[in-house]
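We name chains A, B, ... by the order of the sequence lines, and we start the count at 1 in each one. Because only heavy atoms are used, hydrogens play no part in the values below, and waters and symmetry mates are left out as well, while side chains stay in.
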There are 2 protein chains.
Amino acid sequence: MKDGPDIARIAALIGDPARANMLTALMSGKALTATELSQEAGITLQTASSHLAKLDAGGLLSLRKQGRHKYFSIANDQVAHLLETLMGLAAGSGHLRTRTGPRDEEMRKARVCYNHLAGHMGIVMYESFLRKGFLHVATDDLTLTNTGASFVDGFGIDLKELKAKKSPLCRECLDWSERRSHLAGSLGRSLLARMENLGWAKRVPGSRVVRFTKAGQAEFDATFQR
Amino acid sequence: MKDGPDIARIAALIGDPARANMLTALMSGKALTATELSQEAGITLQTASSHLAKLDAGGLLSLRKQGRHKYFSIANDQVAHLLETLMGLAAGSGHLRTRTGPRDEEMRKARVCYNHLAGHMGIVMYESFLRKGFLHVATDDLTLTNTGASFVDGFGIDLKELKAKKSPLCRECLDWSERRSHLAGSLGRSLLARMENLGWAKRVPGSRVVRFTKAGQAEFDATFQR
DNA sequence: TTCATGGTTCGACCGTAGTCGAAGCATTGT
DNA sequence: ACAATGCTTCGACTACGGTCGAACCATGAA
């Protein structure tokens, strides 16, 4: 009667409001300290500490010590994907916690999801990649084609360095606002970083919103729109 | 600070062991009654009733009354997908609840997942569909090609009837044992039903295992292996 | 050293949610 | 009409887990 893996353990971890808030905050991709996360969740540092220990033990977070700070981040793409899926379902069942406002509009247009570009613009980019044959989509794993590699290279990204890392280069990620896939993985992260670097866009502090400058938007459209 | 949809609500629903067991049981795709589910979870009928009410209110289940019975099933593909993703993560983090045994072997080879074929054979079938050009994979939605339609038709499935229903025809579903996609949606369900009908395979009662007969296996291989 | 800051551990409090017994409806069968 | 079955509601009990204050450890700065 007890088939399969232990779902409840992980779900219960995410099921606490305080922990869910922390995880949601970390979906921006930025590593945050324990104090920052405690504020994010609206609880004291002590409680946050115990929550974070549990999330870490559960394999949902990875942590890095730096001096007397402790930086937490989402453990891997798989966890990020799970969280996005959850958001999709929660959003779909009409239980949006926040009334939709201008901020929400911006979130749907362009936001950061575990350090890569999500929302409408994320999808535009991903589909342009597919249309131009930059990506080869097999059953479940994406690979960068040769033409894709040369584009990425020309865009100013050091592919060799990326490939040296152990985390997967390309990965699909399901968008909760658009319900379609966009590009995740280390390449997805690099692309967003490069755009910030080029001055096309800035992240809005304290939120997941990515705001493009007028010029940046034009550049983006010229590069990916057609 | 409270961006995005309310993840915790849904995660908490899945986070209770009793409810998680029920959901896992329902992943077989069979609709089960409240009493059956209570036994599955090892709790009394009263508690089960309250749990099921919550799962229903949360949009994770759909229910159908028939006489004095009440049949519960997973609400939709999206929920099923979420559960499989959770299983993948739980399995990956090495916290398999059951020691792996012969039953587990069979589960990995062929099992039912929300009424469609999952496990290794599910993936063999799906990849054969892709290789033969039966499916067209766009960004996130799958469509059946003309050649695909004629194959399905020849296999003895009434496509017109399927398309009449409102639930999506083709859908990807991530396999937790293989970590690759297989075919879900109403077509996926029909294909499994047809195989059972042809006598290729039988579901093992009280489990998610699908057991192919020797002849059925041969037919399957001949049809999908190459 | 001493102080300040970031984080953990301990202990105690409290609330919520899971649990079941018992009684109550509803539907089917005889 | 009566009984039997399937499920729900009510009420009471219990336990687990989230919460914070206070004290404690660790690192870095003065």
Which atoms of nucleotides 24-30 of chain D (N or O only) lie under 3.5 Å from a protein N or O atom, and what are those distances?
| unit_1 | atom_1 | unit_2 | atom_2 | d |
| --- | --- | --- | --- | --- |
| D:dT27 | O2 | A:R68 | NH1 | 3.3 |

Going 5' to 3' along DNA chain C, which nucleotides are the first and last within contact of chain B (any atom under 4.0 Å from a heavy atom)?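 The footprint of chain B covers C:dG18 to C:dT28.
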Note to self: Taking the basic N atoms (NZ, or NE/NH1/NH2) and the acidic carboxylate oxygens, is any pair closer than 4.0 Å for A:R203 and A:E196?
What the structure shows: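 The answer is yes: the pair qualifies as a salt bridge.
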**Report entry** salt_bridge(A:D153, A:K160) N-O dist < 4.0 Å
**Finding:**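 Here A:D153 does not pair with A:K160 in a salt bridge, since their nearest N and O are not under 4.0 Å apart.
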**Prompt:** Got a sec, which residues hit ring-ring contact (aromatic ring centres under 6.0 Å, His included) with A:F212, two or more places apart in sequence or on another chain?
**Reply:**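 Residues passing ring-ring contact (aromatic ring centres under 6.0 Å, His included) with A:F212: A:F220.
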Side chain to side chain contact (heavy atoms under 4.5 Å, CB included) assessment of B:Y71 paired with B:T33:
CA-CA 5 Å; B:Y71 286 96; B:T33 70; 3.5 Å; yes
Using nucleotides 8-10 of chain D, report all nitrogen or oxygen pairs with the protein that are shorter than 3.5 Å.
| unit_1 | atom_1 | unit_2 | atom_2 | d |
| --- | --- | --- | --- | --- |
| D:dT8 | OP1 | B:K70 | NZ | 2.8 |
| D:dT8 | OP2 | B:S49 | OG | 2.5 |
| D:dT8 | O5' | B:S49 | OG | 3.3 |

* Asked: Mind checking what makes side-chain hydrogen bond (donor to acceptor under 3.5 Å, both in side chains) contact with B:D16, not counting sequence neighbours?
  ->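 Partners of B:D16 under the side-chain hydrogen bond (donor to acceptor under 3.5 Å, both in side chains) test: none.
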query: Residues in side-chain hydrogen bond (donor to acceptor under 3.5 Å, both in side chains) with A:Q217, at least two apart?
result: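 Scan of A:Q217 (side-chain hydrogen bond (donor to acceptor under 3.5 Å, both in side chains), adjacent residues dropped) gives A:K109, A:D221.
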Please give, in whole Å, the distance from [N] [atom2] to [X] [atom1]?
{"X": "A:L55", "N": "D:dG17", "atom1": "CG", "atom2": "P", "answer": "14 Å"}
{"X": "A:K54", "N": "D:dG17", "atom1": "NZ", "atom2": "P", "answer": "7 Å"}
{"X": "B:M22", "N": "D:dC7", "atom1": "CE", "atom2": "P", "answer": "12 Å"}
{"X": "B:Y71", "N": "D:dG6", "atom1": "OH", "atom2": "P", "answer": "10 Å"}

**Message:** I'd like to know whether A:E219 forms a side chain to side chain contact (heavy atoms under 4.5 Å, CB included) with A:T213, so could you lay out the CA-CA distance, the side-chain angles of the two residues, the decisive distance to 0.1 Å, and finally the verdict.
**Reply:** CA-CA 10 Å; A:E219 294 269 23; A:T213 64; over 6 Å; no
Note to self: Under a 3.5 Å cutoff, is there a donor and acceptor pairing between the side chains of A:R19 and A:H51?
What the structure shows: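 There is such a pair (donor and acceptor under 3.5 Å, judged by atom type) between the side chains of A:R19 and A:H51.
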Requested in this report: Ignoring hydrogens and angles, state whether a donor on the side chain of B:T47 or B:S50 is under 3.5 Å from an acceptor on the partner side chain.
Outcome: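 Result is no, nothing qualifies.
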Main-chain N/O of B:S186 paired to B:S190 side chain as donor or acceptor, under 3.5 Å: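 Yes; judged by distance alone, with no hydrogens or angles, the pair exists.
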Taking only the side-chain nitrogens and oxygens of B:T35, find out if one of them lies under 4.0 Å from OP1 or OP2 of D:dG6.
->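 No, because none of the side-chain N or O atoms of B:T35 sits under 4.0 Å from OP1 or OP2 of D:dG6.
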Using the side chain to side chain contact (heavy atoms under 4.5 Å, CB included) rule, take A:S73 and A:L61 through it: C-alpha gap first, then chi angles, then the decisive distance, then the call. CA-CA 6 Å; A:S73 46; A:L61 295 184; over 6 Å; no
